[in-house]
Amino acid sequence: MSTIARPTPRRELANLSPIAQLHAGRLPRRLVQLFVGLSMYGLAMAMMVRAGIGLDPWDVFHYGVFLHTGWTLGVTVIVVSIPVLLLWAPLRQWPGLGTVANAIWIGVATDLSLAVVPTAHGIGWQAGMFVSGLVINALGGALYIGSQLGPGPRDGLMTGLHRRTGLSLRLVRTGLEVTVLAIGWLLGGIVGVGTVLYAVLIGPLVQFFLPWSIVTLPGQRPAPSAEELAERGD
């Protein structure tokens, strides 16, 4: 007699305070996943820089600032994170361990990666390196989000503005990214076809990787799948 496999329940992120994030359980596993994800994010940034066909909006800004300072690109990422985090205060946002790690470690990982990733030459190599970096960026982002240790400084600013202003999350994100993109472009940041590809593809890619990246916490029941909700009539 054959059995019908039941659909796997969906995993969802828990809504935790910074202290609760540390006491939620499975911390060693979550810390490893956090730093793997952030390291991948830094590697992806280096790959997209070396591809030379465009960066995501925040990194266009980082690169523009980098061109006008004596800092490395990684140090620029860290320094820019400081005023972004200060903007959390009037929004009544509290950083978690993952927020602080994000602010520091991505910059470190970016500089380490830039030291070993070569510059791509020829449109084929440039496109291949950029697309590879985009996929690595999405997986790294899903891993650090899925560790459930707090949003990054820029993500937290976006969600904080959304809550405090009542504006839609899409509108807030678009407004922030258009602003930093414009400033970064004026400063000489790398804007190109890669910038457009990132804007179009990063959301679906992170959405694809996230269900497998969320660490289910002890006592946290996975959300029912769509099939189970249909069976229950919800």
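Only a predicted model underlies this, so the values are computations on that prediction, with no experimental measurement involved.
Connection of Leu27 to Phe35 is established within a shared hydrophobic cluster, with ILVMFWY side chains joined at heavy-atom distances below 4.5 Å, either directly or through further cluster members. Leu85 and Ile82 fall into different hydrophobic clusters, defined by Ile, Leu, Val, Met, Phe, Trp and Tyr side-chain heavy atoms under 4.5 Å apart, directly or through other members. Linking ILVMFWY side-chain heavy atoms closer than 4.5 Å, directly or via other members, places Leu112 and Leu114 in a single hydrophobic cluster. Both Leu43 and Val116 belong to a common hydrophobic cluster when Ile, Leu, Val, Met, Phe, Trp and Tyr are linked at side-chain heavy-atom distances under 4.5 angstrom. Side-chain heavy atoms closer than 4.5 Å link hydrophobic residues (I, L, V, M, F, W, Y) into clusters, and following such links, even through other members, never connects Leu86 to Leu91.
A search for side-chain hydrogen bond (donor to acceptor under 3.5 Å, both in side chains) contacts involving Gln126 returns nothing, not counting sequence neighbours. In this view, Arg50 satisfies the salt bridge (charged side-chain N to carboxylate O under 4.0 Å, His left out) rule with no residue, not counting sequence neighbours. With sequence neighbours left out, the side-chain contact (heavy atoms from CB on, under 4.5 Å) criterion links Val36 to Val32, Met40, Leu143. Here Ala199 pairs with nothing under the side-chain contact (heavy atoms from CB on, under 4.5 Å) rule; sequence neighbours left out. Every residue meeting the side-chain contact (heavy atoms from CB on, under 4.5 Å) condition with Val65, not counting sequence neighbours, appears here in chain and number order: Phe61, Thr69, Trp71, Thr76, Leu187. When the side-chain hydrogen bond (donor to acceptor under 3.5 Å, both in side chains) test is applied to Gln21, no partner is found at least two apart in sequence or on another chain. In this view, Tyr63 and Phe66 satisfy the ring pair (Phe, Tyr, Trp, His ring centres under 6.0 Å) rule, not counting sequence neighbours. Applying the side-chain hydrogen bond (donor to acceptor under 3.5 Å, both in side chains) criterion to Thr179, with sequence neighbours excluded, gives no partner residue. Considering only residues two or more places apart in sequence or on other chains, Val100 meets the side-chain contact (heavy atoms from CB on, under 4.5 Å) condition with Ile104. A search for side-chain hydrogen bond (donor to acceptor under 3.5 Å, both in side chains) contacts involving Ser81 returns Arg154, not counting sequence neighbours.
Taking both residues in full, the closest heavy atoms of Leu210 and Ala142 are given as CD1-O, 3.6 Å, listed atom of the first, atom of the second, then distance. Minimum interatomic distance between Leu217 and Leu16 (heavy atoms only, all atoms of both residues): CD1-CD1, 3.6 Å. Closest non-hydrogen pair, Thr216 versus Arg26, comes out as O-NH1, 2.9 Å. Residues Leu34 and Gly98 approach most closely at CD2-CA, 3.9 Å, considering heavy atoms. Nearest approach of Ile19 to His23, heavy atoms of both residues: O-CD2, 3.1 Å. Nearest heavy atoms, Gly107 versus Ile78: CA-CG1, 4.0 Å.
Annotation: the span from Ile106 atom CD1 to His62 atom NE2 amounts to 9.0 Å, rounded to 0.5 Å. Distance check: Gln33 CD to Ser213 OG gives 6.0 Å after rounding to the nearest 0.5 Å. Separating the CZ atom in Arg30 from the CD1 atom in Ile214 is a distance of 12.0 Å, to the nearest 0.5 Å. Between the CD1 atom of Ile123 and the CD1 atom of Ile53 there is a distance of 5.5 Å, given to the nearest 0.5 Å.
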Applying side-chain contact (heavy atoms from CB on, under 4.5 Å), run through Leu31 and Leu97 and close with a yes or a no. CA-CA 9 Å; Leu31 285 172; Leu97 175 62; 3.5 Å; yes
Run the side-chain contact (heavy atoms from CB on, under 4.5 Å) test on Met158 and Glu177 for me, step by step, so that the C-alpha distance in whole Å, both residues' side-chain angles and the decisive distance to 0.1 Å come before the verdict. CA-CA 10 Å; Met158 175 182 65; Glu177 294 193 347; 5.9 Å; no
Stepwise side-chain contact (heavy atoms from CB on, under 4.5 Å) test for Leu161 and Leu176: CA-CA 10 Å; Leu161 285 170; Leu176 280 174; 4.0 Å; yes
With side-chain contact (heavy atoms from CB on, under 4.5 Å) as the criterion, how do Asp56 and Met45 come out once you've worked through the C-alpha distance, each side chain's angles and the decisive distance to 0.1 Å? CA-CA 9 Å; Asp56 72 89; Met45 183 176 173; 5.8 Å; no
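Within the structure, the side-chain hydrogen bond (donor to acceptor under 3.5 Å, both in side chains) test picks out the following pairs touching residues 104-119 (sequence neighbours left out): Ser39-Trp105, Thr72-Asp111. Sorted by first then second residue, the ring pair (Phe, Tyr, Trp, His ring centres under 6.0 Å) pairs that include residues 116-158, not counting sequence neighbours, number zero.
Looking only at side-chain heavy atoms (C-beta outward), Pro153 and Asn102 come within less than 4.5 Å of each other. Leu139 has its side chain out of reach of Leu205: every pair of non-hydrogen atoms, C-beta onward, lies at least 4.5 Å apart. Taking 4.5 Å as the limit, every side-chain heavy atom of Ile190 sits out of range of all side-chain heavy atoms of Val60. With a 4.5 Å cut-off on side-chain heavy atoms, Pro57 and Val178 do not count as touching. Put simply, the side chain of Leu181 does not reach to within 4.5 Å of the side chain of Trp58, judged on heavy atoms.
Between the side chain of Thr174 and the backbone N or O of Leu171 there is no donor-acceptor pair closer than 3.5 Å. Proximity of a side-chain donor or acceptor of Trp185 to a complementary backbone N or O of Val191 within less than 3.5 Å is not detected. Side-chain atoms of Gln148 come within 3.5 Å of backbone N or O of Val215 as a donor-acceptor pair. Panel note: side chain His162, backbone Leu167; a donor-acceptor pair is recorded below 3.5 Å.
Checking Asn137 against Tyr198 by side-chain atom types alone, a donor-acceptor pair falls below 3.5 Å.
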